[in-house]
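Step one of this worksheet: look at the structure below.
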Amino acid sequence: MKFDIVTIFPRMVEAGLAEGVVGRGIERGLLDVRVHDLRDHTTDRHRSVDDVPYGGGPGMVMKPEPLARAVANLRVHRGEPDAVVLLSPQGRRFTQAEAVRMSHLRHIVLLCGRYEGMDERIRTGVATEELSIGDYVLSGGELPALVVVDAIARLVPGVVGDEQSVEQDSFSRGLLDYPHYTRPAEFAGQRVPDVLLSGRHADVRRWRKREALLRTLDRRPDLLDTAALDDEERALLDEIRREREEGAP
Ligand code: 9D3
């Protein structure tokens with residue numbers, strides 16, 4: 001799978017790509033990720049990427065020409081992309097469902113904004129979609145680009161060593177994760193739940209399902225509206241709800 005990231009801070013993005021799952025995916029040749037310095041696509045002496053807003057007001061706006069030239073160059077040297085993504089606070093929310101959809105694409109271009117935003121003609125004339133990673137104010141699209149690449153890349157077969165762990169990922173199943181423990185059996189006065197030491201695998205599975213449901217019910221009940229629960233999980237959830245109605249009348 002191929003990604004091209006256009007930014008005025010290429011070193012910031014390169015640093016984020018070098019480590020971990022994405023770094024290994026690149027080393028293994030499963031991911032082809034290139035970072036492009038927007039300033040390399042300027043034509044003026046000062047390599048300007050921003051300018052004052054028409055109509056006045058605070059801040060600066062990213063000029064359209066360098067971004068358009070960068071993408072035109074990518075089309076020639078890297079091939080026609082399946083998506084040109086503008087990262088911006090005005091975008092549609094990037095979710096696991098979006099990551100799954102985009103993991104089936106072959107070539108994605110990501111445009112990172114800075115300053116107050118980009119000239120609107122990039123949105124209407126160059127980008128094919130616009131994504132935000134959540135409702136908080138960041139300083140630019142570089143961290144969001146790394147988030148989007150990470151979430152998509154781990155869905156590419158072979159990038160995460162253990163395919164099982166990708167399938168069991170909480171958000172793929174629509175539930176929060178169950179609690180995890182490793183040795184020692186007692187730490188800071190807290191014991192690992194007995195069932196996990198029991199060797200009774202069916203009980204362990206059931207306990208984990210129950211814990212995942214408890215957590216989801218307490219912290220993210222909204223997820224239960226769309227979670228794909230199996231028969232056992234539906235039965236457990238009913239049981240938990242009944243217990244709670246009896247316990248706190
Ligand atoms: C203080 C500036 N804001 C005025 C209302 C607008 C604004 C412009 C540019 C706020 C943030 C940014 C930079 N952010 C991104 O480019 C960005 C982003 C984000 O801030 N949050 C979540 N997802 C994204 S994707 C790109």
Side-chain angles (χ1 to χ4, degrees), residues 1-22 31 33-42 47-71 74 81-103 105 107-156 169-171 219-220 222-223:
M1 179 159 197
K2 202 150 71 171
F3 292 95
D4 286 287
I5 306 171
V6 179
T7 170
I8 61 167
F9 295 124
R11 283 176 306 173
M12 176 180 177
V13 177
E14 298 274 12
L17 294 169
E19 310 287 334
V21 166
V22 171
L31 303 172
V33 191
R34 300 271 181 87
V35 183
H36 309 273
D37 188 341
L38 182 62
R39 289 191 199 279
D40 292 344
H41 301 278
T42 55
R47 311 226 295 165
S48 321
V49 293
D50 62 334
D51 203 344
V52 296
Y54 271 123
M60 299 291 274
V61 176
M62 289 186 86
K63 292 165 63 61
E65 303 97 316
L67 282 159
R69 283 171 60 96
V71 175
L74 289 175
D82 301 306
V84 179
V85 178
L86 174 56
L87 295 156
S88 106
Q90 282 79 47
R92 183 171 76 244
R93 177 76 63 86
F94 181 69
T95 60
Q96 187 65 25
E98 287 284 336
V100 169
R101 175 183 66 81
M102 297 178 85
S103 72
L105 304 179
H107 181 194
I108 299 173
V109 172
L110 299 160
L111 306 179
C112 307
R114 282 269 152 178
Y115 314 107
E116 279 310 290
M118 281 184 197
D119 186 288
E120 188 65 15
R121 292 163 292 184
I122 291 302
R123 187 172 277 118
T124 50
V126 177
T128 61
E129 39 197 303
E130 189 170 1
L131 296 175
S132 158
I133 63 162
D135 295 340
Y136 30 81
V137 180
L138 301 173
S139 313
E142 283 75 13
L143 291 172
L146 289 170
V147 166
V148 167
V149 170
D150 190 285
I152 296 171
R154 45 182 293 114
L155 297 170
V156 173
D169 251 328
S170 62
F171 276 108
R219 303 182 194 182
R220 292 293 307 278
D222 58 300
L223 294 179

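The figures that follow rest on heavy atoms only: side chains count, while hydrogens, waters and symmetry mates do not. Start at 1 and go down the list; that is how both ligands and their atoms are numbered.
For the pair M118 and L111, the minimum side-chain heavy-atom distance is below 4.5 Å. Counting heavy atoms from C-beta on, the side chains of L146 and M12 never come closer than 4.5 Å.
A salt bridge links R101 with E129: the closest approach of a Lys/Arg side-chain nitrogen to an acidic carboxylate oxygen falls below 4.0 angstrom. Salt bridge E130/R123: present, at least one basic N to carboxylate O contact under 4.0 Å.
In E19, the CD atom is not crowded: 12 or fewer heavy atoms of neighbouring residues, nucleotides or ligands sit closer than 6.0 Å.
For the pair G117 and ligand 1, no heavy-atom separation below 4.0 Å is found. Put simply, part of Y115 is less than 4.0 Å from ligand 1, judged by heavy atoms.
Of the protein's non-hydrogen atoms, P144 CG, 3.7 Å is the one closest to atom 24 (C) of ligand 1. When only non-hydrogen protein atoms are considered, atom 7 (C) of ligand 1 lies nearest to P89 CG, 4.2 Å. Taking atom 5 (C) of ligand 1 as the reference point, the nearest protein heavy-atom neighbour is E116 OE1, 4.8 Å. Here the protein heavy atom with the shortest distance to atom 22 (C) of ligand 1 is G134 O, 3.1 Å.
The contact set between ligand 1 and S88, taken as ligand atoms under 4.0 Å from a residue heavy atom, comprises 25 (S), 26 (C).
Ligand 1 has an N or O atom lying under 3.5 Å from an N or O atom of L138, backbone or side chain. Ligand 1 has an N or O atom lying under 3.5 Å from an N or O atom of Y136, backbone or side chain. Considering both main-chain and side-chain atoms, I133 comes within under 3.5 Å of ligand 1 through a nitrogen or oxygen pair.
Counting only distance, with no hydrogens or angles, the side chain of T124 and the backbone of E120 share a donor-acceptor pair below 3.5 Å.
For D40, the salt bridge (Lys or Arg N to Asp or Glu O under 4.0 Å) partners are R47, not counting sequence neighbours.
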